[in-house]
Peer 1: 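Take this structure, written in structure tokens, and hold onto it; I'll ask about it next.
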Amino acid sequence: MDVKALSFLGIKGKIGLIIILFVVFIGITAPVISPYDPTSLFEPFEPPSSTHLLGTDDVGHDVLTILIYGARVSILVGFATATISTFIGLLTALIAGCYEGLDPIISRILDFFLVIPRIPFIVIISAFLTPNIFIVILVLSFFGWAKTARVIKPLVKQVYSREYVKRLKCIGAGNWYIILRHILPATFPLAVAQFVLEGGHAILAEASIGFFGLEDPSTLSWGMEINHALQKSIIFLTNIWTWVLGPPILMLTITLLSTTFISIDLETRINPRLKVRSW
Amino acid sequence: MGVSRRFFVSKAAFYISLFILSITTVFLLVRMMPGSPLDYLGGEAEDVPYILTEEVREKLLSYYGLDKPLWEQYIVFVNNLLHLNFGYSIYFSEPVTRILLPHLMRTLILITLGFLFSISISFPLSIISAWRRGSTLDTIITLLSMSIYSIPSFALAILFLIVFSVELKLFPLIGFSAEENILDILWYALGPAMVFAVAESGRAYYFMRNSFISELDKDYILFAKSKGLKNKTIILRHLLRGSLSPIISKLALLFGYSLLSCMFVENVFNYPGITWLLLISYEYYDYPVLESILLIFMFTVIVMNAIADIISFIIDPRVRGGWM
Amino acid sequence: MSHVSDTSKEVILSIRDLKVKFYTEEGEVTVISDVNLDLFKGETVALIGESGSGKSILGHTIIRLLPKNANVSGHIIYKGIDLLKIDSSLLRNIRGREIAWIPQMVGSSLNPTVKIGVQIGEVLIDHYNYRNQRAWSSAIDLLKLFEVEPAEEVAKGYPHQLSGGMKQRVLIASAIAARPNLLIADEPTKGLDTIKKTLIVNIFKKIKDLKPDLSILLITHDLKFARELADRVIVMYCGKVIEINDKNSFFELPLHPYSKLLLKSLPSKGLYPIPGKPANVANPPSGCRFHPRCPYASDICEKSSPPLIKLDLNRCVACWLYKR
């Protein structure tokens, strides 16, 4: 296992990467490429036409515009949450793996985080603070880092107990020098896989919060759009659901599909046993 | 035997500390939530000031013990829990257990049905996939299950509703009406359970395939093959027995989590299970109900962890014989 | 192109032009090339070589247990059937019943979750439709024969309760339970001390008594062990067969310079190490693969690879010194 594992992705990973880059592109250029201002209102429930390519929703937002701005929210939440929780998780794993005395305490804390039900607690936290996306990012990171730490810790321990690390210690190398120069690079591929996985989880969790209608009402996210659509059961009586409900669900699904594909691809590269039959 | 006993004691201590930590966390978070259960007592929030005079309000607060300082409330709360007393619902004006049990039952029916469906699909598929690793069949099944795994379960539920209720009109669009007998209960649980099963089977398939694959790489499987044993023998005796313990442990954990992951399905189907009650009790600040539900969630996960430990203890002779 | 043949003895296995390649991420690696040899009925042949010489791979190739990224060409003829061309059901009937294999990894080749008796007797059930009872008593008989006592207790137990030497004997019992005609033993003395080695030697003698016409391919780097058991010796170096010789003649008058140096490196002969590093199959030297370490090397050795030269009925060597 080395950094080379990341230098090429398989076909699944490449497809995933193209999709996710496409979504990132949409998110970044949202103000430029979206046909209307996200706050402008039109006739509600207008079917797709040349003026509104994907029609309008229950309050008269242009669905395509909402979809494009929703990509922005999803990508931001996914990226920021994955960054924060991978950073904290990696740091925790390095500390727990290299300082044996701290390991039992850290393990217990990580175990406790596994028990906490994520969504209900976010529901309750939303009672304290109106969850705008920054709060959502913080809360999701708070719940996400422990998993990353759990996954990376065994690897850190394994690398730390290798002969060459012992030799480095013998010649008087400092613990943090060893950690930064030798152990951190070894965890890199796994950390990247975990980053992608956590990003996907965060995007799903954010959409779920939106789905329950718990986000700041002004947030233009796919989850909130689905929530608004589902409030009106009228959409099922006609074919309104095809343009109000379908597109955000589709966008969410392909985004999640891409992160799954990338992380699976990275996983099989890190652990080739899962792919090719070795014996 | 001494090693094994010490193992039990340290495990027990760990789980007890987890219980205490969960109870405290739930209590603090819920009691410190801004807002008060009394706001909704008289009906809609805007009516409350007319019904609740200051005097009545104080009486009610002291009746529910909410006027005491937080630490005293905590002692009462823990004491009640130890006596299996979950309190009295403020919103429903009934004992919490009376409210909770029917909802919990419905959720349990849903997830049990869903789990049975999900395992009966994913278990055989994962064995086939692992056995024929790298084949076209394996690739197709794996890609399919990854795709299903990526679709949020509420999206699957909505899709199901659109196909079966809107287009085919097989199920009622409104998920639930009063149930008369066990058949009604099962009928209402069937739709959500099927969606739940599909959503869970992707995850179940993937982890089972991975554990079978790492088992198939073991030296004793190679040796079993070298002996010319029938595939049936290799799979049933050598592959399954070795991987059963981690798989059952993981399934127990997944079952624990599914009390919660069925939240989306229950919500879309409007199925009055435990997560439906959770959202209601949250909306009306019904502390006792809210606390009880959160504790149920956390306790289930803890208990399932413990069960997973016990299962691997029973199944695996290596563990049973003490740590060598 | 030359190979050993002896009209007085019946050939049980003959390998022709065998070549094994592995596809790795770094590219193609040829681990075995141009192997030609015959095994006769009832003889014990020691396949000698240092680690990385391809001797274990040869064992895996015969019983077709190579990983999927291996590419095998040539012929392995067993009783007129080319083992490299048969389908999986015929292969299953040959494995264990005709050709058995004792793996190198003693510790991990027994299934930790299956009773010892079952692991020994299962071959008889699958190949000869033995009833469970009969297979069980056959297993106990074998354990008794191999002096794994108390046999009844051991049969009911699990591998983690056994010592390393007992595991090794159980492994051998499990492999030969169906009385195969050819036994491939991959480093059966690996990691054992002298006393246990003597025990294993006795076990192999007992197996021979049990079935005198059994042929054994003994893959080992342990010259003393080979001397005790073998009738003939085959030496491999860097994926090639470099010498085939009778046991006595090999130990008294080895042909290949490598064999000479190998014998000199024995403790009883003065413990002279062979100079230089073992050749690497991923990047083999030109010409004769031993030439960089060979004291007799000349120009031709560097340029071209020597063929296997047949000296007389039983002796072959691949060395330019013998080309007159």
Side-chain angles (χ1 to χ4, degrees), chain B residues 1 3-4 7 128-139 142 211-249 311-324, chain C residues 59-60 62-69 88-116 118-129 156-162 167 170-171 174-178 180 183-184 186:
Chain B
M1 229 34 217
V3 184
S4 161
F7 167 71
I128 294 170
S129 256
W131 188 254
R132 307 224 163 283
R133 178 180 356 164
S135 67
T136 324
L137 188 69
D138 171 36
T139 315
T142 307
S211 29
F212 285 136
I213 283 179
S214 43
E215 197 67 19
L216 281 171
D217 277 343
K218 297 263 170 77
D219 289 329
Y220 56 77
I221 297 284
L222 195 72
F223 184 46
K225 282 184 184 167
S226 85
K227 292 195 282 187
L229 300 181
K230 291 174 181 158
N231 285 349
K232 200 181 82 186
T233 313
I234 298 179
I235 290 173
L236 293 182
R237 181 174 296 147
H238 293 285
L239 174 64
L240 283 191
R241 218 178 285 186
S243 40
L244 217 53
S245 138
I247 284 181
I248 294 184
S249 305
I311 288 173
S312 49
F313 183 80
I314 293 171
I315 292 184
D316 199 329
R318 282 164 296 187
V319 186
R320 220 187 310 148
W323 304 94
M324 303 277 296
Chain C
H60 281 86
I62 295 170
I63 197 151
R64 294 249 323 248
L65 285 173
L66 288 177
K68 279 222 170 131
N69 63 341
S88 56
S89 72
L90 185 54
L91 179 64
R92 192 186 79 70
N93 279 321
I94 287 177
R95 280 177 180 169
R97 181 171 169 166
E98 298 286 334
I99 304 177
W101 176 73
I102 301 169
Q104 198 179 119
M105 303 297 173
V106 178
S108 54
S109 289
L110 291 170
N111 189 330
T113 56
V114 177
K115 284 183 183 151
I116 300 285
V118 174
Q119 298 198 53
I120 297 174
E122 61 185 354
V123 208
L124 296 166
I125 299 173
D126 272 18
H127 283 302
Y128 293 111
N129 298 320
K156 278 185 220 149
Y158 293 92
H160 72 269
Q161 296 158 328
L162 303 180
K167 272 186 200 162
V170 167
L171 207 62
S174 168
I176 61 134
L183 176 63
I184 302 165
D186 198 350

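The basis for the numbers below is simple: all heavy atoms, side chains too, and nothing from hydrogens, waters or symmetry mates. In the text below, chain A, chain B and the rest are named by the order of the sequence lines, each starting its count at 1.
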Peer 1: Between B/Ser226 and C/Leu65, which heavy-atom pair has the shortest distance, and what is it?
Peer 2: CB-CD1, 3.5 Å
Peer 1: If you count heavy-atom pairs under 4.5 Å with chain B, which of C/Pro159, C/Pro180, C/Ser108, C/Ala100 comes out on top?
Peer 2: C/Ser108
Peer 1: Do any N or O atoms from the side chain of C/Arg95 and from the backbone of B/Lys227 form a donor-acceptor pair under 3.5 angstrom?
Peer 2: no
Peer 1: Sort C/Leu91 into side chain, backbone, both or neither according to what part of it lies under 4.5 angstrom from a heavy atom of chain B.
Peer 2: neither
Peer 1: What's the shortest heavy-atom distance between B/Arg237 and C/Asn111, and which atoms?
Peer 2: O-ND2, 4.1 Å
Peer 1: With heavy-atom distances below 4.5 Å as the criterion, would you say the side chains of B/Leu222 and C/Trp101 are in contact?
Peer 2: yes
Peer 1: Under a 4.5 Å heavy-atom cut-off, does chain B meet the side chain of C/Ser174, its backbone, both or neither?
Peer 2: both
Peer 1: Over all heavy atoms of both residues, which pair between C/Asp126 and B/Thr233 is shortest? Give the atoms and the distance, please.
Peer 2: OD2-OG1, 2.7 Å
Peer 1: Nearest heavy-atom pair of B/Phe223 and C/Ser109: which atoms, and what distance?
Peer 2: CD2-O, 3.4 Å
Peer 1: Return the option, out of C/Ile125, C/Asn93, C/Leu171, with the maximum number of heavy-atom pairs under 4.5 Å with chain B.
Peer 2: C/Leu171
